[in-house]
2 protein chains.
Amino acid sequence: MTHSEENYLKGIYHLSKGGSVAVATNAIASQMDTKPSSVTDMVKRLSEKGLVDYRKYQGVSLTESGSRQALKIVRKHRLWELFLVEKLDFKWDQVHEIAEQLEHIESEVLIDRLDALLNYPDFDPHGDPIPDKNGVFKTREKKLLSAMPVPSEGLFVGVKDSSATFLRFLDKHRIALGKKVSILEKEEFDHSMRIRLDGEAFRISHQIASNLYIKPNAVP
Amino acid sequence: MTHSEENYLKGIYHLSKGGSVAVATNAIASQMDTKPSSVTDMVKRLSEKGLVDYRKYQGVSLTESGSRQALKIVRKHRLWELFLVEKLDFKWDQVHEIAEQLEHIESEVLIDRLDALLNYPDFDPHGDPIPDKNGVFKTREKKLLSAMPVPSEGLFVGVKDSSATFLRFLDKHRIALGKKVSILEKEEFDHSMRIRLDGEAFRISHQIASNLYIKPNAVP
DNA sequence: AATTAAATTTAGACAAATCTAAAAATTTGT
DNA sequence: ACAAATTTTTAGATTTGTCTAAATTTAATT
């Protein structure tokens, strides 16, 4: 498989949320930052290789085999991201581009060793789950902060938007994975919220709240 | 720079022994395991980019700029090889192919961090010197075992042939970097030698002896 | 020095991955 | 339901990197 094929598989995987949902040519084009005509070409190749199901004008979905491949790439990407943060002291906003390259390195053993070096981690630096060798990942309950009831509590466990700008915004406000969050108040008008984090209460916009994943505290 | 361009630069670098020596199209072709016509094409591109000096039928040499680039790739390759051995428990015969891919990852910071993680090493797992950030490498006296006087002593510090088969042969005979070697006898007829290693004396062929680098012990 | 041999380059073709512009199919709006 | 808008595909071109086969240049030999 070429790098480009791998990238397409990964893109389709993300758009179809890891599943067999059909995705549109245009959607793939914008995800991959390329033209629809290029997508059509590539999708035909992937189809010939049995990695996607494709019917003209009807969208694309991953086959079993395509899905397995995509998961491997996702696994590699996330393991490398964690490696960069854990072993090379990169910040969570600096790892994506490099992992984007590293994910294409071909070597099963290499990834297994990396996995071991990192102690078989379940989540990457952005809180996204890392599939294991068999493509299985740990799930955990998580809700968008914007969807949490008032009042309630939970743990900040992941980001929906993992763009460098958003991540740096979170750094600036000391919002980091693993911190405890209390939801104090929700504003009907603009859907902004008041939350407590590190003992300090403050207000965040709906835009922000709808990009933070919270693991709700179990309520007995 | 594309991967292919980088590979050619590295190939030319190795053939010209790191210098400005002109190398032949055929030599590059066999080094790169490709056809002479492909070399001509690529060499023209590299020449247009100012990375090599090229005059038709007269061979190719690296420019200052080409040499700098080549050294960067060599540095990356050797740092990654050492990383694989030191941090991921690979054997010295398993790292080349993977490093061949990793050397193309683009990120200055990544390499600097890797360098730091490995404590700014001077030599890779095969005893080859690792250029520092500025392209400078530590030199040390070394001689082919076949060129050592009788009797003499030294340290096994590197291999000339670093093919997996040769490295595994050395493993089998417990010949490992850093070990002390005593040269006991040289056979005029077939140039084979008797040496002592780990307290045990044995005979090795000229073929082997001319692929092992020894750092001779200082004689007062 | 002329001829043969070897090395090198050119010419033309091909696959991968992309693009633009035009054509075709599907979806939407009234 | 049919025209308009949108989406998708096709056709044809481009770049990179490679190849084979033929032509050219340089080197070697007698």
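All chains are named by letter (A, B, ...) in the order of the sequence lines, taking the proteins before the strands, and each is independently numbered beginning at 1.
The aromatic ring centroids of B/His96 and B/His126 lie 6.0 Å or more from each other.
Here A/Glu106 does not pair with A/Lys76 in a salt bridge; the nearest charged N to carboxylate O distance is not below 4.0 Å. Between B/Asp89 and A/Arg113, none of the side-chain N atoms (NZ, or NE/NH1/NH2) sits under 4.0 Å from a carboxylate O, so this pair counts as no salt bridge. A salt bridge links A/Lys133 to A/Glu108: one of the charged nitrogens lies within less than 4.0 Å of a carboxylate oxygen.
Across the interface with DNA chain C, nearest-nucleotide mapping of A/Gln58 and A/Glu5 shows A/Glu5 to be the residue nearer the 5′ end. Both B/Gly59 and A/Thr2 lie near DNA chain C, and the one whose nearest nucleotide falls closer to the 5' end is B/Gly59.
Protein atom CD of A/Glu6 is 15 Å distant from nucleotide atom P of C/dA16, rounded to whole Å. Summarising the geometry, the separation between NZ on B/Lys44 and P on D/dG17 is reported as 15 Å, rounded to the nearest angstrom. The distance from atom CG of A/Asn26 to atom C1' of C/dA25 is 14 Å, rounded to the nearest whole Å. As rounded to whole Å, 17 Å separates atom C1' of C/dT8 from atom CE of B/Met42. Between the NE2 atom of A/His3 and the C1' atom of D/dG17 there is a distance of 15 Å, given to the nearest Å. Whole-Å rounding puts the A/Met32 CE to C/dT18 C1' distance at 12 Å. Taking atom NZ on A/Lys56 and atom P on D/dT8, their separation rounds to 14 Å, with Å as the unit. Here the P atom of nucleotide C/dT9 and the CZ atom of B/Arg55 are 11 Å apart, to the nearest Å.
As judged by a 4.0 angstrom heavy-atom cut-off over every strand, B/Thr25 is placed among residues touching the sugar-phosphate backbone only. Across all strands, A/Ser38 comes closer than 4.0 Å to base atoms (heavy-atom distances).
With pairs defined as Watson-Crick or G-U wobble and both atom distances under 3.5 Å, the stems of at least three pairs that touch DNA chain C come out as C:1-30 with D:1-30.
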Worksheet entry | Test log, rule side chain to side chain contact (heavy atoms under 4.5 Å, CB included), inputs B/Val39 and B/Val60 | CA-CA 10 Å; B/Val39 173; B/Val60 194; 5.8 Å; no
Worksheet item: Step by step, would you call A/Val95 with A/Trp80 a side chain to side chain contact (heavy atoms under 4.5 Å, CB included)?
Response: CA-CA 8 Å; A/Val95 295; A/Trp80 278 117; over 6 Å; no
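Set against D/dC19, C/dT10, C/dA25, the side chain of A/Tyr57 has C/dA25 as its closest nucleotide. Nearest to the side chain of A/Arg45, among C/dC19, C/dA16, D/dT16, sits C/dA16.
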Give every pair of a protein N or O atom and an N or O atom of nucleotides 12-15 of chain D that lie under 3.5 Å apart, one pair per line with the distance.
none

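Within 3.5 Å, no donor on the side chain of B/Ser37 pairs with an acceptor on the base of C/dT8, nor the reverse.
A cation-pi arrangement is absent between B/Arg78 and B/Phe123 under the rule of less than 6.0 angstrom and at most 45 degrees off the ring axis.
The backbone N or O of A/Thr2 lies less than 3.5 Å from a partner atom in the side chain of A/Glu5, making a donor-acceptor pair.
For the pair B/Ile130/B/Leu118, no side-chain contact is recorded, criterion being any heavy-atom separation below 4.5 Å from C-beta on.
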